[in-house]
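Okay, so here's the structure we're looking at.
It should be emphasised that the depicted structure is a prediction, and the values quoted were computed from it without experimental measurement.
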Amino acid sequence: MRLLFVLVFMSITTLVTAANVNGILPEPKVIKLSERVYAFLGPAELPDRNNRGYMVNSAVILGDEGVILVDTGFTDEIGRHIKGHIRRITTMPITHVINTHHHGDHTLGNSEFPDARIISSKKCKVAIEETGYEWLGLVESMTGLHFPNTKPISSTITYPEDTRTTITLQGIDLVIWVPPGSHTSNDLMVHLPKDQILIAGDILVNTIMPNFRDGHVKTWIETLEQISKIPLTVIVPGHGELMTTKDVVKMHQMMKQLYADIESGYKNNLMDSEIRNIMDLSEWRKRKYFDQLMGGNISRTYLQVEEENF
């Protein structure tokens with residue numbers, strides 16, 4: 001699986017023509033969402049030598065005496081970069097880190113926060129411990145850089161699948177929402193009901209292709225439908241610009257139609273490659289990295305349709 005992921009993106013990494021020789025990371029786009037919540041939007045790109053693996057969105061929640069950080073980036077260097085931007089907002093310590101899922105671009109920056117308590121889903125903890133070094137190898141391969149101080153660090157506080165748990169951290173009321181497997185088997189979202197903000201991880205992405213690599217497509221579609229029913233003013237996706245409920249509805253419709261088209265083709269004895277040739281993919285083509293991800297997304301969905309209808 002890791003080899004497949006590397007091969008999928010090799011064509012992108014070979015396009016890099018100018019190396020980031022100075023080790024300067026791109027600046028996040030910092031947006032204040034409420035009195036206590038900030039979005040740090042990273043580059044909506046694939047890892048390469050220029051961005052040094054920085055490609056993720058994070059969220060910063062200011063508590064009474066400490067900071068809650070959601071998603072830490074691909075390396076300790078990126079975690080430190082994010083920490084530096086937090087310091088421009090507050091001098092309070094970062095007491096908690098929340099990981100939305102196990103993928104390295106969201107978790108390997110945990111190395112930079114040794115004093116923070118780390119929160120994730122139960123399955124995420126296991127996945128980080130099993131695959132963390134594979135993700136480190138991936139970012140080093142794709143950037144051509146070495147990150148000797150980056151180590152997979154898993155959570156100390158976990159929540160089970162298919163639960164929504166209301167907690168209070170640093171005086172802030174949060175709902176820790178662990179849906180059934182969606183983008184991965186181990187997703188987690190952070191809902192701030194009073195602010196009507198959702199930090200969604202890669203269950204939602206904006207203007208780029210969602211990656212079905214570890215996805216559970218049918219339940220992912222159901223999760224999107226549930227999100228669309230929650231009163232929200234803003235959503236922080238895992239990648240791309242901020243979103244609204246209208247964007248969630250559109251993504252839900254597109255994924256639902258994709259699944260239906262593939263299921264229809266399967267029931268008509270077509271292979272996934274044949275189904276792709278007759279599908280209307282015009283809306284998907286508008287998204288960044290369509291050519292790199294659409295084929296794999298269709299194949300992944302086809303296998304799950306096959307299993308569902310076996």
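The salt bridge (charged side-chain N to carboxylate O under 4.0 Å, His left out) search around K256 returns none, not counting sequence neighbours. With sequence neighbours left out, the side chain to side chain donor-acceptor pair (under 3.5 Å) criterion links T207 to no other residue. The ring-ring contact (aromatic ring centres under 6.0 Å, His included) check on Y302 picks up Y266, with sequence neighbours excluded. Here D64 pairs with R36 under the salt bridge (charged side-chain N to carboxylate O under 4.0 Å, His left out) rule; sequence neighbours left out.
Taking both residues in full, the closest heavy atoms of V249 and S228 are given as CG2-CB, 3.9 Å, listed atom of the first, atom of the second, then distance. In plain terms, the two heavy atoms of V97 and A116 that are nearest each other are CG2-CB, 4.0 Å. When all heavy atoms of P210 and N297 are compared, the closest pair comes out as O-ND2, 2.9 Å. Closest heavy-atom contact between S121 and V178: CB-CG1, 3.8 Å. Across every non-hydrogen atom of I78 and G73, the tightest pair is CG2-CA, 3.8 Å. Residue Q226 comes nearest to R164 through the heavy atom pair OE1-NH2, 2.7 Å, listed as atom of the first residue, atom of the second, then distance.
Between the side chains of N99 and N110, at least one donor-acceptor pair of N or O atoms lies under 3.5 Å. Between the side chains of D187 and T184, at least one donor-acceptor pair of N or O atoms lies under 3.5 Å. Side-chain atoms of D105 and H239 form a donor-acceptor pair, as typed in the model, at a separation below 3.5 Å. Between the side chains of D214 and H101, no donor-acceptor pair of N or O atoms lies under 3.5 Å.
In this structure, CG on L33 lies 6.0 Å from CG on L242, to the nearest 0.5 angstrom. Rounding to the nearest 0.5 Å places CG of L25 at 9.0 Å from CD1 of I82. With rounding to the nearest 0.5 angstrom, the CD1 atom of I197 is 7.0 Å from the CD1 atom of I199. Here CE of M189 is found 6.0 Å from OG1 of T223. Values are rounded to the nearest 0.5 Å. In this structure, the separation between OG1 on T95 and CG on L169 is 7.5 Å, given to the nearest 0.5 Å. Taken to the nearest 0.5 Å, the OG1 atom of T219 stands 8.0 Å off from the CD atom of E161.
A single hydrophobic cluster is not seen to contain both I235 and L188; linkage of ILVMFWY side chains at heavy-atom distances under 4.5 Å, directly or through other members, places them apart. L174 and L232 are not part of a single hydrophobic cluster, where members link through side-chain heavy atoms under 4.5 Å apart. No continuous path of ILVMFWY side-chain contacts below 4.5 Å connects I230 to I61, so the two sit in separate hydrophobic clusters. Taken together through direct or relayed side-chain contacts under 4.5 Å among Ile, Leu, Val, Met, Phe, Trp and Tyr, V205 and V70 form parts of separate hydrophobic clusters. Side-chain heavy atoms closer than 4.5 Å link hydrophobic residues (I, L, V, M, F, W, Y) into clusters, and following such links, even through other members, never connects V175 to Y159.
Side-chain atoms of K29 never come within 3.5 Å of backbone atoms of G42 as a donor-acceptor pair (strictly under, hydrogens ignored). A distance-only check finds no donor-acceptor pair linking the side chain of E65 to the backbone of Q170 [under 3.5 Å]. Not one N or O on the side chain of D71 forms a donor-acceptor pair closer than 3.5 Å with the backbone of V56. Side-chain atoms of S185 never come within 3.5 Å of backbone atoms of G181 as a donor-acceptor pair (strictly under, hydrogens ignored). Using modelled atom types, one side-chain atom of N186 and one backbone atom of H102 make a donor-acceptor pair closer than 3.5 Å. Under a 3.5 Å cut-off, the side chain of S155 and the backbone N or O of I119 do not form any donor-acceptor pair. Listed for the S34 side chain is a donor-acceptor partner under 3.5 Å among the backbone atoms of V37. Using a distance-only test at 3.5 Å, with no hydrogens or angles considered, a donor-acceptor pair links the side chain of N51 to the main chain of D48. With K151 contributing its side chain and P148 its backbone, the two residues share a donor-acceptor pair below 3.5 Å. At distances below 3.5 Å, at least one donor-acceptor pair connects side-chain atoms of N57 with backbone N or O atoms of P237.
Under the 4.5 Å side-chain criterion, counting only non-hydrogen atoms from C-beta, M243 is not in contact with K246. The closest side-chain heavy-atom distance from F40 to I89 is below 4.5 Å. The closest side-chain heavy-atom distance from I298 to M294 is below 4.5 Å. I227 is listed as a side-chain neighbour of I203, based on a closest heavy-atom distance under 4.5 Å. Within the 4.5 Å cutoff, the side chain of K250 has no heavy atoms near those of the M255 side chain. Two residues are said to be in side-chain contact when any heavy atoms from C-beta on lie closer than 4.5 Å; L108 and P152 meet this criterion. Within the 4.5 Å cutoff, the side chain of L204 has heavy atoms near those of the L224 side chain. Between N211 and D202, every side-chain heavy-atom pair lies at or beyond the 4.5 Å cut-off.
Cation-pi check for K83 over F113 is met; the charged atom lies under 6.0 angstrom from the ring centroid and within 45 degrees of its normal.
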* **Full working for side chain to side chain contact (heavy atoms under 4.5 Å, CB included) between S282 and D280** => CA-CA 6 Å; S282 56; D280 179 6; 2.8 Å; yes
* What's the verdict on side chain to side chain contact (heavy atoms under 4.5 Å, CB included) for E274 and I278, showing C-alpha distance, side-chain angles and the deciding distance? -> CA-CA 7 Å; E274 296 172 307; I278 61 174; over 6 Å; no
* To do: Go through E263 and Q304 one step at a time and tell me if the side chain to side chain contact (heavy atoms under 4.5 Å, CB included) criterion holds.
  => CA-CA 9 Å; E263 185 171 50; Q304 292 181 11; over 6 Å; no
* To do: Take D195 and T233 through the side chain to side chain contact (heavy atoms under 4.5 Å, CB included) test and state the conclusion after the steps.
  => CA-CA 8 Å; D195 298 273; T233 57; over 6 Å; no
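For K288 and E45, the salt-bridge test fails: no basic side-chain N is under 4.0 Å from an acidic carboxylate O. Salt bridge annotation for E77-R52: present, with a cationic side-chain nitrogen under 4.0 angstrom from a carboxylate oxygen. One finds a salt bridge joining K125 and E129 here, because a Lys/Arg side-chain nitrogen approaches an Asp/Glu carboxylate oxygen to under 4.0 Å. A salt bridge links D76 with R80: the closest approach of a Lys/Arg side-chain nitrogen to an acidic carboxylate oxygen falls below 4.0 angstrom.
Sorted by first and then second residue, the pairs that involve residues 201-222 and meet ring pair (Phe, Tyr, Trp, His ring centres under 6.0 Å), not counting sequence neighbours, are H183-W220, F212-W220. Applying the ring pair (Phe, Tyr, Trp, His ring centres under 6.0 Å) test to pairs two or more places apart or on separate chains, those with a residue in residues 56-87 are Y54-H81, H81-H85.
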